[in-house]
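Per chain, numbering begins at 1; letters A, B, ... match sequence-line order.
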Amino acid sequence: MSGPLSDLRDAVIAASGAVAGPDGGSSALPTLERPKKAGFGDYATNAAMLLAPRAGVPPREVAGRLAAELERRLGDALDRVEIAGPGFLNLVMSDRWCVAALAHVLEAGEAFGGGGAVERAERVSIEFVSANPTGPMTAAGGRHAAYGDSLARLLQFSGHEVTREYYINDIGGQIRRLGESIQARARREEVPEGGYEGDYVRELADRIPGAAHDDVAVVAERGVELLLDRIRASMERFGVQFDVWFSEGSLHAGEPSAVRRAFAQLEQRGESYRAEGALWLRTSAHGEPKDDVLERSTGEPSYFASDIAYHLDKLERGFDRLIDVWGADHHGHVARMQAAFAALGAPEGAMELIIMQFVNLVERGERASMSKRRGDFVTLDDLVAQIGVDAARFFMLQRSHDTTVDLDLDLAREQSSDNPVYYVQYAHARIASILAKAGGIWRVTSALEEAPRYSGSLQAAERTLAKKLLAFPDEIAEATARRAPHRIAVYALELAQTFTAFYRDCQVVGAEGEGVESVRLALSVATQRTIARALDLLGVSAPSKM
RNA sequence: GCCCCGGUAGCUCAGUUGGAUAGAGCAGCGGACUUCUAAUCCGCAGGUCGCAGGUUCGAAUCCUGCCCGGGGCGCCA
């Protein structure tokens with residue numbers, strides 16, 4: 001990645017190497033960070049503290065040499081260097097450097113922050129949500145949808161080729177129980193033990209002709225179709241578009257079926273055996289405490305068998321990387337699946353299983369369980385109807401995927417006007433208003449051309465905003481690498497706050513001074529684009545008017 | 001018993017893989033609307049970073065042990 005920040009980082013590393021001398025190379029790379037507190041410069045590095053132990057010289061003394069070296073290398077990009085605390089070097093950049101940074105952001109245009117992975121672009125499959133088609137999409141499913149979709153957007157923006165997949169568990173015991181439940185309702189009976197009790201089951205019974213008398217398997221199949229239609233519609237409303245809806249049942253169709261082919265591959269590799277009438281996979285040979293069943297003694301393949309066949313299918317479709325987003329209740333399945341993946345002979349590390357913590361439904365301050373079977377859950381459609389897609393997605397994405405989220409629908413409704421998403425959107429809309437006031441597209445275009453030539457001084461708020469914008473590519477890289485889209489939500493909020501401070505301190509339209517208005521317009525445009533991009537990565541709209 | 005996630009302000013959560021005086025939103029208190037959008041802004045108050053050790057120049061962050069909450073350990077999916 002190139003840009004003012006990486007040039008600066010390179011300079012620090014080079015200066016550090018020069019001070020260390022030929023055989024004093026430090027093991028750890030020095031950091032370049034943005035200090036939290038004002039007064040510690042624009043950027044700070046711990047380089048001197050890393051060099052000191054090897055050089056056998058006090059850190060502050062090393063810092064002195066480093067400071068001289070940096071001043072020499074950076075020239076007029078640097079205003080001054082300060083040695084602080086135990087040996088930090090605080091770099092205060094010149095206004096000229098900040099203007100050049102802004103120019104860099106403007107030049108990158110819409111692509112700013114993206115393309116970080118183009119040299120090693122991968123074909124990525126990301127499977128998420130994959131909720132059983134035994135009921136409507138729940139609010140918890142919305143968290144998976146928001147997360148998976150946002151991660152997909154991040155990967156795409158970084159340069160990867162991404163396929164979004166929804167795996168449909170359309171066979172097995174749960175589906176049979178759905179069929180039995182629908183049939184029972186059609187007959188005006190109670191659902192059987194362990195069946196589905198939600199009201200939607202009655203609706204399905206009414207909508208399926210012959211539900212009371214047809215074969216349960218047929219009723220179940222019709223029920224799944226109807227529920228899938230609803231699920232697809234919910235996902236669409238939520239702004240999530242899947243490229244592939246993959247049926248578990250299809251893995252058992254054909255001759256030989258995908259499952260049989262997977263079995264054959266495992267057998268050929270000596271990874272499976274028969275015992276007690278069942279077919280077993282030697283997961284214990286891959287670090288698991290015990291082996292697992294592929295085919296039951298009844299001759300029926302297990303869910304595990306389907307999952308193995310599904311992942312083999314993905315490999316055969318040519319993906320370099322398989323990402324699955326699973327609920328916390330599936331975490332016991334993770335090690336087993338990794339073992340199976342290794343047993344197939346798949347490349348190590350090519351499959352990532354991400355565990356998403358639960359969404360709890362909160363009522364009167366108490367956590368209630370969300371049970372699809374008992375029918376007491378909040379649907380995603382309910383949530384969206386009450387607070388809207390933007391607020392729902394932002395709410396879900398603000399938290400890290402490995403923290404449990406409490407959802408109090410009353411509170412969510414009550415507080416939806418306080419949702420930080422509006423603050424971010426408002427900053428975006430406000431900029432649109434400023435640009436219109438400035439004289440529209442023509443004036444803005446000329447401002448973008450003039451701004452890089454600005455040679456005057458900058459206000460603190462202008463410098464802070466330029467630096468915040470410059471941090472965006474690193475945020476993208478970090479959020480993508482760590483599969484952490486919530487970082488983008490946090491960044492978007494901080495950027496909006498930084499812009500609002502700038503708006504408060506610096507009049508844009510009609511600003512006094514040669515070129516000042518142009519620089520401020522340019523900062524506004526760069527901010528607007530960056531906010532729009534951040535919101536887009538979250539799947540949230542960026543309105544021009546509010 | 002073993003495994004995974006969490007424990008940070010009254011509440012909900014961030015915390016740039018070890019940095020300096022731990023941050024934001026909401027709630028609370030006190031202020032600011034003739035503005036380039038007040039869905040905003042400014043100020044105040046609020047903390048044993050679950051507990052106890054350890055590692056080092058330096059720990060919310062890394063290591064060990066313990067406590068609390070959630071989840072998981074099926075020929076269920």
Side-chain angles (χ1 to χ4, degrees), chain A residues 28 31-37 39-40 44-46 49 52-53 58-59 84-88 90 130 132 134 169 171-175 177 194 248 276-280 289-290 292-298 300-304 306-307 327-336 355-358 360 365 367 395 398-406 408 411 415 417-427 429-438 471 474-475 478-479 481-482 486-487 489-491 493-494 497 500-501 503-511 517 520-521 524 545-546:
Chain A
T31 61
L32 184 68
E33 54 200 278
R34 325 182 272 286
K36 297 169 213 161
K37 289 275 175 185
F40 290 139
T45 178
N46 62 353
M49 273 126 70
F88 285 103
N90 294 335
S130 299
N132 287 358
T134 52
N169 302 124
I171 55 170
Q174 310 282 15
I175 298 303
R177 268 187 285 282
E248 180 185 355
E276 302 164 47
L279 181 65
W280 298 77
K290 56 190 251 333
D292 293 282
V293 169
L294 292 172
E295 188 181 71
R296 298 173 193 129
S297 43
T298 59
E300 208 184 341
S302 63
Y303 166 81
F304 189 35
S306 298
D307 228 3
D329 55 340
H330 278 58
H331 114 261
H333 190 49
V334 170
R336 208 183 325 160
I355 294 301
M356 173 89 75
Q357 294 303 315
F358 279 162
N360 290 308
R367 279 184 180 176
F395 176 81
Q398 256 183 304
R399 277 93 165 162
S400 158
H401 67 88
D402 49 27
T403 198
T404 314
V405 160
D406 288 337
D408 183 327
L411 204 62
Q415 293 188 342
S417 60
D418 296 323
N419 192 312
V421 74
Y422 297 116
Y423 183 93
V424 179
Q425 290 179 319
Y426 189 66
R430 180 181 258 165
I431 294 170
S433 174
I434 292 171
L435 298 180
K437 181 100 175 183
D474 283 347
E475 291 290 344
E478 198 77 21
R482 288 160 75 157
H486 77 279
R487 285 169 163 274
V490 172
Y491 174 81
L493 189 57
E494 288 172 354
Q497 281 169 332
T500 305
Y503 169 83
R504 180 190 68 228
D505 295 344
C506 303
Q507 175 71 26
V508 178
V509 179
E517 189 193 67
R520 292 181 180 174
L521 281 171
S524 300
K545 203 178 276 186
M546 284 179 77

Residues A:Q174 and A:T134: side-chain donor-acceptor under 3.5 angstrom: no

Minimum-distance nucleotide (side-chain atoms of A:T403 versus B:rC13, B:rC36, B:rC41): B:rC13

Atom-to-atom span, CG of A:D406 to C1' of B:rG6 - whole angstrom: 11 Å

Proximal nucleotide (of B:rU40, B:rC4, B:rG19) relative to the A:M49 side chain: B:rG19

Closest listed nucleotide, where the reference is the side chain of A:S400 and the choices are B:rG6, B:rA20, B:rA14: B:rA14

OP1 or OP2 of B:rA38 under 4.0 Å from side-chain N/O of A:R430: yes

Per A:Q357 side chain, nearest of listed nucleotides B:rG70, B:rA14, B:rG19: B:rG70

Could you list, one pair per line, each protein nitrogen or oxygen that sits under 3.5 Å from a nitrogen or oxygen of nucleotides 25-35 of chain B, together with the distance?
none

Check: A:T45 main-chain N/O paired with A:T31 side-chain donor or acceptor under 3.5 Å: no

Interatomic distance where CG belongs to A:D474 and C1' belongs to B:rU17 [whole Å]: 14 Å

Sugar-phosphate, base or nothing in reach of A:F358, heavy atoms under 4.0 Å: sugar-phosphate

Just the table, please: protein N/O against nucleotides 75-77 of chain B N/O, every pair under 3.5 Å.
unit_1, atom_1, unit_2, atom_2, d
B:rC75, O3', A:R296, NE, 3.3
B:rC75, O2, A:S297, N, 2.9
B:rC75, O2, A:S297, OG, 3.2
B:rC75, N3, A:S297, OG, 3.2
B:rC75, N4, A:E276, O, 3.3
B:rC76, OP2, A:R296, NE, 2.8
B:rA77, OP1, A:R296, NH2, 2.9
B:rA77, OP2, A:R296, NH2, 2.4
B:rA77, OP2, A:Y303, N, 3.3
B:rA77, O2', A:N132, ND2, 3.0

Min side-chain heavy-atom separation A:H401-A:H486 under 4.5 Å: no

Residue-phosphate contact under 4.0 Å: A:R504 side-chain N/O, B:rU40 OP1/OP2: no

Side-chain donor/acceptor of A:N169 to backbone N/O of A:N132, under 3.5 Å: no

